[in-house]
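Right, one structure below, let's go through it.
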Amino acid sequence: DLILTLKQPLERAKYGILEKHKDYSLRARDHNEKRKRLRILRQKAQDRNPDEFHFAMMSSATNNGRKITDRGNKALSNDVVRLLKTQDAGYLRTIAQRVRKERERLEEEVMLVDEIGEEDKEMEDNAKAGKHTIFVDTKEEQNVFRAPAKPLRRPRRQSVLGSGIDHGASTDPVPPTTPPQRTVEAEVLAQKAERALRQRHRKEQESRRKRLGALRSQEQDLMAAEQELENQRAKMSNSAGGVNKNGVKFKIRERKR
């Protein structure tokens with residue numbers, strides 16, 4: 001019993017799991033049952049009477065040695081099949097309309113998000129480049145306007161003491177004041193939150209694009225299926241051509257009135 005519960009040795013691990021006695025019993029039982037069935041089939045083949053006849057043989061058929069039996073399904077008439085195909089076409093048309101509406105709504109969302117993203121990116125680029133926007137009154141002023149060689153700078157406000165008169169104040173430059181630690185930490189947290197928000201928006205936009213592609217493919221498949229049903233209905237009503245069982249193309253010509 002101890003030997004049967006041991007695992008496969010490392011040098012024999014390539015041969016798979018070690019077979020236990022219960023595994024061997026199941027495999028041997030299945031093998032013996034298959035041998036028994038084969039033995040019975042061979043005996044029946046030897047005892048078969050070539051002159052044996054049953055009236056059921058008149059309604060049965062074989063295909064490559066396999067017996068073809070009737071499943072008991074009743075054949076439907078052409079009118080019933082045409083009606084069923086009409087209902088199927090209506091169902092496909094309804095589903096296609098629903099998919100089309102969802103696809104149009106998703107396309108609008110994708111376009112809107114893209115426009116907002118482009119505007120945000122343009123604003124960021126302008127902020128990084130330090131661009132200065134100048135407004136004019138007329139179209140002619142805009143055409144003749146030429147940007148200055150040096151960027152426009154806003155004049156700094158000078159410190160005023162007392163009533164606004166500088167009484168011999170020192171002209172030494174004022175050293176820049178460093179912002180407090182809390183302000184710096186708040187700015188860093190705000191930047192991290194903004195980056196996380198942009199990444200989330202980017203992932204949502206990617207998922208929208210994937211969903212949009214799937215909807216377009218589904219819409220094309222539904223339209224193709226609906227067209228195929230329409231062609232089948234037309235062939236059943238003898239109003240369209242096709243290909244017969246011999247592979248010959250034919251076309252139904254309408255009688256001139």
Could you state the interatomic distance from [atom1] ([X]) to [atom2] ([Y]), rounded to the nearest 0.5 Å?
X	Y	atom1	atom2	value
Gln43	Leu38	CD	CG	13.0 Å
Leu106	Arg211	CG	CZ	7.5 Å
Lys34	His31	NZ	NE2	9.5 Å
Leu92	Lys85	CG	NZ	11.0 Å
Glu187	Glu185	CD	CD	11.0 Å
Glu228	Asp88	CD	CG	12.5 Å

Is it true that [X] and [Y] have a side-chain N and a carboxylate O under 4.0 angstrom from each other?
X	Y	result
Arg98	Glu102	no
Glu107	Arg103	yes
Arg105	Glu109	yes
Asp47	Lys44	no
Arg208	Asp114	no
Glu230	Arg93	yes

### Task
Test Arg198 against Glu194 for salt bridge (charged side-chain N to carboxylate O under 4.0 Å, His left out), laying out the working first.
CA-CA 6 Å; Arg198 290 177 184 174; Glu194 186 177 0; 2.6 Å; yes
How about [X] and [Y]: do any of their side-chain heavy atoms sit closer than 4.5 Å?
X	Y	answer
Arg82	Asp79	yes
Arg39	Lys36	yes
Val110	Gln205	yes

Is the [atom1] atom of [X] crowded by more than 12 outside heavy atoms at less than 6.0 Å?
X	atom1	answer
Tyr15	OH	no
Ile68	CD1	yes
Asn64	CG	no

### Query
With under 30° as parallel and over 60° as perpendicular, where do the rings of His21 and Tyr24 fit, or are they tilted in between?
tilted
### Message
Test of understanding: clusters of I, L, V, M, F, W, Y form through side-chain heavy atoms closer than 4.5 Å, transitively. Do Met223 and Leu215 belong to the same one?
### Response
no
### Query
Is Tyr91 reachable from Leu229 through a run of hydrophobic residues whose side-chain heavy atoms are each under 4.5 Å from the next?
yes
### Query
Taking it one step at a time, do Glu206 and Arg209 satisfy side-chain contact (heavy atoms from CB on, under 4.5 Å)?
CA-CA 5 Å; Glu206 291 177 0; Arg209 293 182 186 278; 5.7 Å; no
I'd like to know if the side chain of [X] and the backbone of [Y] have a donor-acceptor N/O pair within less than 3.5 Å.
X	Y	value
Asp30	Leu26	no
Ser207	Glu204	yes
Ser217	Gly213	no
Asn32	Ala28	yes

### Query
Does one side chain, of His54 or Glu52, offer a donor that lies under 3.5 Å from an acceptor on the other?
yes
### Task
Locate the shortest heavy-atom distance separating Leu222 from Val99; write the atom from each residue and the value.
CD1-CG2, 4.1 Å
